[in-house]
Number of protein chains: 2
Amino acid sequence: MTVIFSKKCEYGMQAILYLAAREKGTLVSADEISKVLKIPREFVSKILQSLRDSGLISSSKGKSGGFSLAKPASRIKLIDVVAAIDGLEMFDSCVLGFQECSPTHPCPVHNTWGPLRTQTYDMLTSETIDKLKEKTLHKISSL
Amino acid sequence: MTVIFSKKCEYGMQAILYLAAREKGTLVSADEISKVLKIPREFVSKILQSLRDSGLISSSKGKSGGFSLAKPASRIKLIDVVAAIDGLEMFDSCVLGFQECSPTHPCPVHNTWGPLRTQTYDMLTSETIDKLKEKTLHKISSL
DNA sequence: ATCAAATCAGATATTTTTATCTGATTAAAG
DNA sequence: CTTTAATCAGATAAAAATATCTGATTTGAT
Ligand code: SF4
Ligand code: SF4
């Protein structure tokens, strides 16, 4: 089973939250992120590379290189990470796994699942990651 | 990515809903379920076997054998299928994938995700599958 | 008795996800 | 210029999820 998002996506969200919390213009290495968030080093490294390809973060090579947000935290939302890694299809698909999905042929849990799905989407869309900074730092302090 | 539940679990929910909708004491073969719900035959067969092991449905072997609910549809809920196949851990875990989870160290989306998770649980828990019968039939007619 | 149609258990295969390895490149610092 | 610490791309490995196969057993109908 999974909890909505793939590991890649979860780690990606954690990492970008960490970058936002950590940022004062500084570059953060994959190694640091790996240690703080307890994510396998090479794995998070690959995820960071893909987020860079998506334009959410940028990177510098060489000694004292690392990663940083590609734009202000006030302009990045968690949904951006989801879109970049897992894609947004889940917000159009049925929780019961039925293929067809239309208002005229709702699945049996349509009435309750529909609104929940929308709320989940809103949760990822409404707040920019700078707003989540404090809570991220508090959370990380407990890892 | 996944949409909360594994394929096995989605198929299991579909199958048990179909059994509830189809039931007039009749036995339903794995082949019929496979064809109606468009699920690979051998795969749904395995899933049905595991639901039988869990005591949710019962089966008869031999010609004109098949599956039926082990108890009245009014006493089965979708959460039973989730518990039997995927387990209930998702309702205790973090949408961002953080390991530790406690009210004192909430993850950054705690305030919004917590209630949503509870609502999702409620959705699967509040209605018994006989209540979903009509909508299931309508849904299936469109496959 | 034989046949046909079904479940059943266990093995196997395929695909996807998760994770690691290898070696190349880059750039700062000594 | 050499060392060191980092990203990078591509290949590979390991694990989990998804799907199929194989042959045995059961049971109703012919
Ligand atoms: S919950 Fe409603 S909208 Fe979503 S797939 Fe089912 S029928 Fe379609
Ligand atoms: S959402 Fe809240 S309860 Fe759930 S894991 Fe995050 S902190 Fe814990």
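Just so it is clear, the model here is predicted, and its values are computed rather than measured. Every chain is numbered from 1 and lettered A, B, ... according to where its sequence line falls, protein lines coming before strand lines.
For Val28(A) and Cys9(B), each mapped to the nucleotide of DNA chain D holding its nearest heavy atom, the one lying further toward the 5' end belongs to Val28(A). Between Ser60(B) and Ser64(A), the one whose closest nucleotide on DNA chain C sits nearer the 5' end is Ser60(B). Mapped onto DNA chain C by nearest heavy atom, Lys61(A) and Arg41(A) fall at different nucleotides, with Arg41(A) at the one closer to the 5' end.
Checked against dT7(C), dT18(D), dA19(C), the side chain of Pro40(A) finds its nearest nucleotide in dA19(C). If you check dA9(D), dA9(C), dC8(D) against the side chain of Lys46(A), the one that comes closest is dA9(D). Checking dA6(C), dC8(C), dA6(D) against the side-chain heavy atoms of Ser29(B) singles out dA6(C) as nearest. Comparing dT25(D), dA9(D), dA28(C) against the side chain of Lys63(A) picks out dA28(C) as the nearest. Listed candidates were dC8(D), dT25(D), dA19(C). Nearest to the side chain of Phe43(A) is dA19(C).
A straight line from CZ of Arg52(A) to P of dT7(D) spans 11 Å, rounded to a whole angstrom. Whole-Å rounding puts the Glu42(A) CD to dA14(D) P distance at 16 Å. Distance, Ile39(B) CD1 to dT18(D) P: 12 Å, rounded to whole Å. Across the protein-nucleic acid pair, Lys8(B) atom NZ and dT20(D) atom P stand 14 Å apart, rounded to whole Å. What separates CZ of Phe5(A) from C1' of dT17(C) is a distance of 17 Å, to the nearest Å. Look at CG on Leu48(A): it is 16 Å from P on dT18(C), rounded to the nearest Å. Atom NZ of Lys7(B) is separated from atom P of dT20(D) by 13 Å (rounded to the nearest Å). Distance, Asp53(A) CG to dA9(D) P: 6 Å, rounded to whole Å.
Atom CD of Gln14(B) is separated from atom SG of Cys94(A) by 7.5 Å, given to the nearest 0.5 angstrom.
Among pairs with a residue in residues 40-64 of chain B, those fulfilling salt bridge (Lys or Arg N to Asp or Glu O under 4.0 Å) read Asp31(B)-Arg41(B), at least two apart in sequence or across chains.
Side-chain nitrogen and oxygen atoms of Gln49(B) include at least one within less than 4.0 Å of the OP1 or OP2 phosphate oxygen of dA9(C).
Between Leu78(B) and Leu17(B), some side-chain heavy-atom pair lies under the 4.5 Å cut-off.
Between the Thr136(A) side chain and the Pro108(B) main chain, no donor and acceptor come within less than 3.5 Å of each other.
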List the atom pairs, with distances to 0.1 Å, where a side-chain N or O of residues 121-132 of chain A and a protein N or O form a donor-acceptor pair under 3.5 Å, not counting sequence neighbours.
residue: Thr125(A); atom: OG1; partner: Tyr121(A); partner atom: O; Å: 2.6
residue: Ser126(A); atom: OG; partner: Asp122(A); partner atom: O; Å: 2.9
residue: Thr128(A); atom: OG1; partner: Asp130(A); partner atom: OD1; Å: 2.4

